[in-house]
Asks: 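Below is a structure I'd like to ask you about.
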Amino acid sequence: MPFDVHGALLVAVVAGVTALIRFLPFVVFGGGRPTPKFVVYLAGVLPCAIMAMLVVYCLRGPTHGLPELLAGAAVVGLHLWKKNTLLSIAVGTALYMVLVQAVFV
């Protein structure tokens, strides 16, 4: 089996960029310096903005309507009840898949 130089270089570049992205915040914001105010602001705002963007993305275009509404309501209700994001998303996804593939065929 011949050695694939292109593949090896690709893996090396991806690994290097991943390591750089992981270590860069510690280099930039490390050393006991206070975190800049805009980074603290983004940390508070971005999670909600990303979730809103995901909702818009998931509900865009032509949809069936009722399965999306039921799964979305299940996600919101379960999250308000249990306060567990991963559980809410997993149950909502599973419910949506069951609704689309078995109920609303």
Side-chain angles (χ1 to χ4, degrees):
M1 182 170 175
F3 182 72
D4 184 13
V5 176
H6 184 264
L9 287 175
L10 182 66
V11 169
V13 168
V14 169
V17 169
T18 301
L20 178 69
I21 290 171
R22 300 286 178 166
F23 296 130
L24 192 61
F26 296 104
V27 172
V28 173
F29 301 121
R33 296 183 305 245
T35 306
K37 291 186 186 284
F38 74 95
V39 174
V40 174
Y41 170 75
L42 288 177
V45 172
L46 280 181
C48 295
I50 290 170
M51 292 304 285
M53 186 173 66
L54 285 172
V55 168
V56 170
Y57 176 78
C58 290
L59 298 178
R60 77 191 192 306
T63 61
H64 298 97
L66 195 54
E68 289 84 358
L69 184 65
L70 292 173
V75 168
V76 170
L78 190 59
H79 186 70
L80 290 175
W81 178 41
K82 289 291 187 177
K83 305 277 192 265
N84 187 332
T85 305
L86 293 178
L87 177 67
S88 303
I89 292 172
V91 169
T93 302
L95 176 63
Y96 178 73
M97 288 293 124
V98 168
L99 289 173
V100 170
Q101 295 180 8
V103 179
F104 295 98
V105 180

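One-based numbering along the sequence shown. Note that this is a predicted model, so its numbers are computed, not measured.
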Asks: Under the criterion side chain to side chain contact (heavy atoms under 4.5 Å, CB included), I'd like the reasoning laid out for Met51 against Leu54: C-alpha separation, chi angles, the key distance, then a yes or no.
Replies: CA-CA 5 Å; Met51 292 304 285; Leu54 285 172; 4.3 Å; yes
Asks: Which residues pass the side-chain contact (heavy atoms from CB on, under 4.5 Å) test with Met53, not counting sequence neighbours?
Replies: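 Scan of Met53 (side-chain contact (heavy atoms from CB on, under 4.5 Å), adjacent residues dropped) gives none.
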Asks: Taking ILVMFWY side chains as joined if any heavy atoms are under 4.5 angstrom apart, and letting links pass through other members, which residues group with Val76?
Replies: Leu80
Asks: If Ile, Leu, Val, Met, Phe, Trp and Tyr residues are connected whenever their side-chain heavy atoms lie under 4.5 Å apart, and connections chain through other members, are Val103 and Leu70 in the same group?
Replies: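 Hydrophobic grouping puts Val103 with Leu70.
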Asks: Can you list, by chain and residue number, the hydrophobic cluster partners of Leu78 when the side-chain cut-off is 4.5 Å?
Replies: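 Besides Leu78, the hydrophobic cluster comprises Trp81, Leu87, Val91, listed by chain and residue number.
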Asks: Counting only pairs under 3.5 Å, give me each side-chain donor-acceptor contact of residues 35-42, with atom names and distances, residues two or more places apart or in other chains.
Replies:
none

Asks: Taking atom CZ of Phe23 as the centre, report whether more than 12 heavy atoms of other residues, nucleotides or ligands fall under 6.0 Å from it.
Replies: no
Asks: Under 4.5 Å between side-chain heavy atoms, chaining through other members, with only Ile, Leu, Val, Met, Phe, Trp and Tyr counted: pull out the rest of the cluster around Val13, sorted by chain and number.
Replies: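 So far as hydrophobic clustering goes, Val13 is joined with Val17, Ile21.
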Asks: Are any side-chain N or O atoms of Gln101 and backbone N or O atoms of Val98, one a donor and one an acceptor, separated by less than 3.5 Å?
Replies: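 Absent.
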Asks: Which other residues belong to the hydrophobic cluster containing Val100, where Ile, Leu, Val, Met, Phe, Trp and Tyr are joined when side-chain heavy atoms lie under 4.5 Å apart, directly or via other members?
Replies: Tyr96, Met97
Asks: Would a hydrophobic clustering, with Ile, Leu, Val, Met, Phe, Trp and Tyr connected at side-chain separations under 4.5 Å, put Ile89 with Ile50?
Replies: yes
Asks: Quick check on Arg33: does its CZ atom have over 12 non-hydrogen neighbours (other residues, nucleotides or ligands) under 6.0 Å away?
Replies: yes
Asks: Under the rule for side-chain contact (heavy atoms from CB on, under 4.5 Å), what residues qualify as partners of Leu95, not counting sequence neighbours?
Replies: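 Only Ala74, Leu99 meet the side-chain contact (heavy atoms from CB on, under 4.5 Å) criterion with Leu95.
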Asks: Which heavy atom of Ala71 sits nearest to which heavy atom of Gly92, and what is that distance?
Replies: CB-O, 3.7 Å
